[in-house]
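This chain uses plain numbering: 1 for the first residue, then up along the sequence. Remember, predicted model here, so these are calculated numbers, not experimental data.
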Amino acid sequence: MIRIVLLGPPGSGKGTQASALQKRRGIPHIASGDLLRANVRDNTELGRQAKPYMNRGDLVPDTLILDMMAERLSQPDARKGCILDGFPRTVAQAEALEQRLEQIGCELDAVIYLRVPEAEILRRLSGRRTCPACNAVYHVDTMPPQREGICDACAAELVQRQDEKPDVIRKRLEVYEEQTQPLLRFYRGRSLLHEIDGTIGVDNAMDAIEDIVANARASAQEQTA
Ligand code: AMP
């Protein structure tokens with residue numbers, strides 16, 4: 001069982017790393033942004049309430065997020081662990097997560113911060129194209145699909161997310177600085193924070209994350225022995 005949080009600005013590679021880790025270890029990758037987008041797509045009440053915040057690049061209010069995440073974390077697959085991506089995003093969310101895990105008798109093993117400079121973030125996000133059908137992600141320069149504008153996996157037409165347009169990207173980065181960056185201090189204070197350079201390439205970053213996860217697991221086992 002391993003529970004980790006991936007932290008970092010939008011475009012730092014959290015989603016890529018989390019889904020690779022899910023494949024390697026069979027631990028569910030739980031991405032609050034993906035859950036919200038599925039609600040928007042299905043036009044649920046939550047989706048209708050969240051959509052205007054997401055389109056502006058603002059955070060969705062904690063009350064909506066906390067209910068959604070509590071529900072997801074209570075599903076059977078999340079009992080064997082989870083890789084959280086995009087949640088928590090505020091200190092209030094981190095505190096709520098801590099309480100929730102305490103209630104079910106577990107805790108986080110590690111929080112991994114992917115550090116990436118702002119210029120690189122802008123380059124990554126503005127070139128990103130997403131498949132609205134299966135959520136596969138491409139990049140016009142670094143990871144183009146085989147046929148321009150078409151998803152390799154399911155042949156749907158790729159889109160640029162509304163929140164990946166330049167002015168919304170800038171807003172999301174501001175919101176990140178103000179509301180999510182303070183989490184670094186919060187988790188450093190709990191001796192859970194590990195920092196890795198998010199520009200060393202997907203495979204190298206994956207190896208660094210695997211090392212952190214293996215050490216966190218070993219020290220958790222030592223403590224219970
Ligand atoms: P992401 O795909 O993680 O970048 O999330 C896309 C958008 O969903 C964000 O810009 C927010 O509007 C919203 N969102 C995702 N996760 C959270 C969260 N934990 N708290 C508040 N809003 C969130």
Side-chain angles (χ1 to χ4, degrees), residues 6 8-58 60 64-65 68-69 71-72 75-78 80-87 89 114 116 120-173 198-207 209-210:
L6 293 183
S12 57
K14 303 185 296 293
T16 307
Q17 295 298 334
S19 63
L21 204 54
Q22 163 167 280
K23 276 194 202 117
R24 283 198 197 181
R25 291 189 167 254
I27 308 168
H29 164 202
I30 301 180
S32 49
D34 287 348
L35 294 175
L36 287 169
R37 280 184 289 278
N39 276 279
V40 171
R41 196 181 50 227
D42 297 344
N43 198 23
T44 65
E45 179 55 28
L46 168 60
R48 282 194 293 277
Q49 290 188 44
K51 189 175 176 181
Y53 295 95
M54 296 170 75
N55 282 349
R56 286 197 304 268
D58 277 326
V60 172
L64 298 179
I65 296 292
M68 176 185 83
M69 293 306 290
E71 204 275 317
R72 179 64 188 89
Q75 287 171 17
D77 65 335
K80 59 180 178 182
C82 57
I83 306 154
L84 293 174
D85 157 15
F87 174 85
R89 241 180 170 97
L114 291 163
V116 179
E120 172 66 8
I121 295 285
L122 290 171
R123 191 189 65 77
R124 287 185 186 180
L125 286 182
S126 53
R128 194 140 95 170
R129 298 293 178 271
T130 307
C131 173
C134 74
N135 286 330
V137 177
Y138 300 86
H139 190 281
V140 290
D141 302 323
T142 55
M143 217 200 330
Q146 280 163 9
R147 274 193 300 150
E148 196 185 325
I150 303 292
C151 179
D152 293 344
C154 71
E157 201 167 322
L158 302 178
V159 294
Q160 181 173 40
R161 275 168 36 186
Q162 163 63 25
D163 67 353
E164 285 172 354
K165 308 246 158 95
D167 50 335
V168 187
I169 293 175
R170 270 191 294 279
K171 172 74 181 170
R172 286 168 70 202
L173 289 173
T199 64
I200 53 177
V202 173
D203 291 343
N204 290 335
M206 185 77 253
D207 290 345
I209 291 175
E210 282 278 18

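- Between Gln49 and Leu36, the closest side-chain pair of non-hydrogen atoms is not below 4.5 Å.
- In this view, Ser126 and Ile169 satisfy the side chain to side chain contact (heavy atoms under 4.5 Å, CB included) rule, not counting sequence neighbours.
- For Asp167 and Arg170, the salt-bridge test fails: no basic side-chain N is under 4.0 Å from an acidic carboxylate O.
- Of the possible polar contacts, none joining the Glu157 side chain to the Gly149 backbone as a donor-acceptor pair under 3.5 Å is found.
- Looking at Arg161, Met143, Arg128 one by one, the single match for side chain to side chain contact (heavy atoms under 4.5 Å, CB included) with Val137 turns out to be Arg128.
- Although no hydrogens or angles enter the test, the distance criterion places no donor-acceptor pair under 3.5 Å between the side chain of Arg129 and the main chain of Leu158.
- Counting heavy atoms from C-beta on, the side chains of Met69 and Leu35 come closer than 4.5 Å.
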In a table with atom names and distances, give each donor-acceptor pair under 3.5 Å that connects a side chain of residues 25-33 to protein atoms at least two apart or in another chain.
unit_1, atom_1, unit_2, atom_2, d
Arg25, NE, Glu210, OE1, 3.1
Arg25, NH2, Glu210, OE1, 3.1
His29, NE2, Asp85, OD2, 2.8
Ser32, OG, Gly86, O, 2.9

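- Side-chain contact check for Met68 versus Val60: every heavy-atom pair is 4.5 Å or farther apart.
- Cation-pi geometry between Arg56 and Tyr53 is satisfied (NZ or CZ under 6.0 Å from the ring centre, within 45° of the ring normal).
- Using a 4.5 Å cut-off on side-chain heavy atoms (C-beta onward), Glu164 and Thr130 make contact.
- Arg172 has its side chain out of reach of Ile121: every pair of non-hydrogen atoms, C-beta onward, lies at least 4.5 Å apart.
- Heavy-atom minimum distance, Gly198 versus Leu114: CA-CD2, 4.4 Å.
- Here the closest non-hydrogen pair linking Val140 and Pro144 is O-CB, 3.8 Å.
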